[in-house]
Amino acid sequence: MHYFNYNNNEMYCEDVPISKLVKKFGTPLYVYSGKTLLRHYKAFDESFKPHKHIICYSVKANSNIAILNLFAKEGSGFDIVSGGELYRAIKAGGDPQKIVFSGVGKTDEEIEMALSKDILMFNVESESELYAINSVADRLNKKAPISLRINPDVNPLTHPYISTGLKKNKFGIPYESALETYLKAKKLKNIEIVGIDCHIGSQITQLSPFLEAIDKIKALMKELERNGIEVKYIDLGGGLGISYKDEDPPHPNEYGEAVLKRFEKIDKTLIFEPGRVIVGNAGIHVTRVLYTKENTEKKFVIVDSAMNDLARPALYGSYHSILPMNKKDGENDVYDVVGPVCESTDFFAKDRSLPKLERDDYLCIFSAGAYGFSMSSNYNSRRKSAEVLVMGDKYYLIRERDTFEDLIAKEKIPQ
Ligand code: LLP
């Protein structure tokens, strides 16, 4: 459920016509619905109400500080994977005691930064990282709270580029050596074991992979207890999918119910790291038609956004639904919707049936709230989009469009 709808044939975000935003801020433009963001956050949070839990929203999905601030005010913690995300989370008002630090390649500098902010825990992804954290903590005279990210070797049944919990993936510590690594961690003077963590992938649309992973994590938890290791936190990562086209992922309630059933009478705080399920359908990307053209095989719509603005179709061939900002009557045509970047992967849709389009029509690309702006770049020296947050009949520019000066601000010509 989201709050982007036609009203009198015009697309609105909540009570604001998109045309008004486009007139004011131009295109390419990201538009987020505050009401949808909060609704999704609350629905997810409520699903775990019967059990002690912390939601650590996954910053990488959409890292604008206005959006992080919205979640922080609801009590959300954050899942971060870099010093930059830590910086953002704290600037946005995040509570360090609700921050978990994931990622396979934390640098000493990032570890030091996180230790000095007293984050909740490091999700450690290798034995060598464990030693690095121990030695930085020793230098700072601190004890680092850690969990081990376990790779449970479960197939998440999703796109191979975003599956992370298989043996062949670079993530986590192999299930078979988990106990051994925990026992090594226990001996380290500046390490405090507080949790077990796993994250098996993203855009997962079935419950079974999650439940399979949970069963393995629970078995490990018991094995750790037999070896005198008690943890406080079980971090189950993120990964719950959304509907882009005709996927039918479990509702957060259904996911919550199934997960909690497996933790009945287990007195641990559960941690979740949702990203996409909260922000994915709460944002659209708006673009203007520059040209249409056709050859003997195809009709193309060339728009003013490109793969640098929304990389998902180019990277994963992913589907995003597209609707015109102003509803159009008449017959449809079949188009490839493409951007101005000089690459053949620069497309938003292939062979898509859309109303007949012409120059200066506007298109709304849906489900762009997650991994949209956060994965955008300046490729082809294109200026990154502006971002707008709508709340009822109000709207706020939460990121200005890049200027040309921004593009070269850090560059220098040697004298
Ligand atoms: N926790 C960890 C450790 C992660 O690596 C991720 C996502 C999440 C949580 C959040 O997962 P989510 O709830 O959003 O599925 N760029 C890709 C998705 C990459 C996901 C990376 N990790 C895409 O556009 O589909």
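For ligands, and for the atoms within them, numbers begin at 1 and follow the listed sequence.
Here the rule is side chain to side chain contact (heavy atoms under 4.5 Å, CB included) with Ile365, and of Ile284, Val337, Leu310, Val303 only Leu310 fits it.
Using modelled atom types, one side-chain atom of Gln97 and one backbone atom of Asp118 make a donor-acceptor pair closer than 3.5 Å.
Salt-bridge formation is not detected for the pair Asp153/Lys216: no Lys NZ or Arg NE/NH1/NH2 atom is positioned less than 4.0 Å from an Asp or Glu carboxylate oxygen.
For the salt bridge (charged side-chain N to carboxylate O under 4.0 Å, His left out) test, no residue two or more places apart in sequence or in another chain qualifies with Lys117.
In this structure, ligand 1 sits under 4.0 Å from heavy atoms belonging to Ser58, Lys60, Asp79, Ser102, Arg149, Ile162, His199, Ser202, Gln203, Gly238, Gly239, Glu273, Pro274, Gly275, Arg276, Arg312, Tyr316, Tyr371, Met375.
Pairs of residues two or more places apart, or lying in two chains, never qualify as salt bridge (charged side-chain N to carboxylate O under 4.0 Å, His left out) while including a residue from residues 18-35. Annotation: ring pair (Phe, Tyr, Trp, His ring centres under 6.0 Å) contacts involving residues 220-261, sequence neighbours excluded, comprise Phe48-Tyr255, Phe210-Tyr255, Tyr244-His320.
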